[in-house]
Undergrad: 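Submitted below is the structure of interest, expressed as C-alpha cells.
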Amino acid sequence: MRNIIGCGAFFLMSLCASVKAKLPEAELQSLIQQHRGQVVYVDFWASWCAPCQHAFIWMNTLDKKFAGKVQVIAVNMDADKVDALAFLQTNPADFPIVYNPSMSIGKSNQLKGMPSSIIYDAQGKKVAQFSGFNEEKMRHYEAILTELTKQKE
C-alpha cells in the first residue's frame with residue numbers, strides 16, 4: 001500500500017513539475033488568444049540587452065499609434081526575475097510581461113538574439129519573426145503592423 005501511495009505522490013509531483021515548466025508557454029498562448037481580433041507583437045527581451053531599452057520606449061507608443069488594434073506582449077528571458085524587475089523599474093512596460101527564465105519559449109521559436117520579436121495577425125497566426133532592434137528595423141516592424149491592421153478593417 002505504501003508503494004502505491006509513494007508512486008502516486010511521485011506521479012503527482014512529476015505532473016505538477018511538468019505543468020509548472022509549461023506555465024510560461026501557456027500564459028503566452030492565453031494572452032495571444034485573449035487578444036484575438038488584434039495584431040499581436042510579442043517581444044523577447046532580457047535585462048542585459050541594451051537595444052531592449054529602446055524597444056520598450058517604442059512598444060509603449062504602439063497602443064497610441066494603432067488605437068488599440070495592436071497588442072504588445074513581452075517575454076522576459078532573464079534567468080533571475082530580480083534582474084527583469086530591476087530593468088522594469090527604469091523601463092516601465094504598458095503591456096503584459098511573461099517571465100520565462102528557462103528560455104523555453106525562445107528555444108522553441110529558435111530565437112537568434114535579443115531582442116527578438118514575433119508578429120501574429122488578428123486571427124492569431126504567426127506571420128513574421130525578427131531579431132534585433134534599431135531605427136530601420138523599427139520602421140520595418142511598424143510597416144508590417146500597419147499593413148496587418150489595414151487587412152483587419
Side-chain angles (χ1 to χ4, degrees), residues 11-66 68-149 151-152:
F11 173 76
L12 286 175
M13 288 187 326
S14 298
L15 184 62
C16 288
S18 174
V19 168
K20 187 174 181 180
K22 292 181 182 178
L23 191 60
E25 291 85 352
E27 183 180 0
L28 177 59
Q29 287 307 314
S30 175
L31 284 167
I32 291 169
Q33 290 302 316
Q34 285 174 28
H35 295 286
R36 199 167 211 128
Q38 289 180 294
V39 175
V40 177
Y41 181 90
V42 178
D43 178 76
F44 295 85
W45 64 282
S47 62
W48 47 262
C49 166
C52 294
Q53 294 174 3
H54 302 291
F56 263 62
I57 294 166
W58 172 71
M59 290 184 300
N60 279 325
T61 69
L62 288 180
D63 189 46
K64 291 177 186 97
K65 284 183 182 181
F66 289 98
K69 295 177 184 173
V70 172
Q71 174 63 49
V72 174
I73 301 169
V75 179
N76 176 260
M77 306 293 273
D78 280 302
D80 190 342
K81 189 175 180 178
V82 172
D83 295 331
L85 295 174
F87 176 95
L88 291 169
Q89 287 294 313
T90 55
N91 304 282
D94 294 337
F95 40 82
I97 306 286
V98 174
Y99 296 97
N100 186 218
S102 70
M103 297 184 252
S104 57
I105 301 171
K107 290 173 188 171
S108 68
N109 284 288
Q110 300 176 342
L111 300 184
K112 303 212 184 307
M114 289 292 148
S116 285
S117 55
I118 298 175
I119 299 175
Y120 295 85
D121 66 15
Q123 289 74 43
K125 179 183 171 206
K126 181 178 177 178
V127 293
Q129 182 169 330
F130 304 102
S131 182
F133 186 85
N134 57 37
E135 288 290 323
E136 182 181 333
K137 289 182 178 194
M138 179 188 74
R139 286 189 295 274
H140 180 65
Y141 303 161
E142 273 194 44
I144 293 169
L145 295 171
T146 299
E147 184 59 34
L148 288 170
T149 57
Q151 289 175 9
K152 187 182 153 231

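All values derive from a computational prediction rather than experimental measurement. Each residue takes its place number in the sequence, starting with 1.
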Undergrad: To the nearest 0.5 angstrom, please state how far the CD1 atom of I97 sits from the CG atom of L88.
TA: 5.0 Å
Undergrad: Could you walk me through whether E147 and I144 pass the side-chain contact (heavy atoms from CB on, under 4.5 Å) test, one step at a time?
TA: CA-CA 5 Å; E147 184 59 34; I144 293 169; 5.8 Å; no
Undergrad: Could you state the interatomic distance from CD1 (I57) to CG (N91), rounded to the nearest 0.5 Å?
TA: 7.0 Å
Undergrad: Checking side-chain contact (heavy atoms from CB on, under 4.5 Å) for the pair D63/D94: CA distance, chi angles, key distance, verdict?
TA: CA-CA 9 Å; D63 189 46; D94 294 337; over 6 Å; no
Undergrad: Is a side-chain donor or acceptor of N100 paired with a backbone partner of P24 at a separation under 3.5 angstrom?
TA: no
Undergrad: Between Q129 and N109, which heavy-atom pair has the shortest distance, and what is it?
TA: NE2-O, 2.7 Å
Undergrad: Rounded to the nearest 0.5 Å, what's the gap from OH on Y41 to CZ on F66? Could you check?
TA: 11.0 Å
Undergrad: Measure across L31 and I73 and return the closest heavy-atom pair with its distance rounded to 0.1 Å.
TA: CB-CD1, 3.5 Å
Undergrad: Is there a side-chain contact between K137 and Y141, using heavy atoms and a 4.5 Å cut-off?
TA: yes
Undergrad: Could you walk me through whether Y99 and E27 pass the side-chain contact (heavy atoms from CB on, under 4.5 Å) check?
TA: CA-CA 9 Å; Y99 296 97; E27 183 180 0; over 6 Å; no
Undergrad: Could you list all the ring-ring contact (aromatic ring centres under 6.0 Å, His included) pairs where at least one residue sits in residues 71-95, not counting sequence neighbours?
TA: W45-F87, F56-F87, F56-F95
Undergrad: For residues S102 and K107, determine if any side-chain heavy atom of one lies less than 4.5 Å from a side-chain heavy atom of the other.
TA: no
Undergrad: Measuring only between side-chain heavy atoms, which start at C-beta, is V127 closer than 4.5 Å to L148?
TA: yes
Undergrad: Does the side chain of T146 pick up a donor-acceptor pair with the side chain of E142 at under 3.5 Å?
TA: no
Undergrad: Under 6.0 Å from the NZ atom of K112, do we count more than 12 heavy atoms belonging to anything else shown?
TA: no
Undergrad: Please state whether the rings of H140 and F130 are parallel, tilted or perpendicular, taking 30° and 60° as the class boundaries.
TA: perpendicular
Undergrad: Can you confirm whether V39 sits close enough to I119 that some side-chain heavy atom of one is under 4.5 Å from a side-chain heavy atom of the other?
TA: yes
Undergrad: Evaluate E25 against Q29 for side-chain contact (heavy atoms from CB on, under 4.5 Å), listing each step before the verdict.
TA: CA-CA 6 Å; E25 291 85 352; Q29 287 307 314; 5.6 Å; no
Undergrad: Side chain of D78, backbone of S47: donor and acceptor closer than 3.5 Å?
TA: yes
Undergrad: Quick one: OH on Y120 to CD on Q33, what's the gap to the nearest 0.5 Å?
TA: 10.0 Å
Undergrad: If I take atom NZ from residue K65 and atom CG from residue L145, how far apart are they, to the nearest 0.5 angstrom?
TA: 10.0 Å
Undergrad: Measure across A79 and P101 and return the closest heavy-atom pair with its distance rounded to 0.1 Å.
TA: O-CB, 3.6 Å
Undergrad: To the nearest 0.5 angstrom, please state how far the CG atom of N76 sits from the CG atom of D43.
TA: 10.0 Å
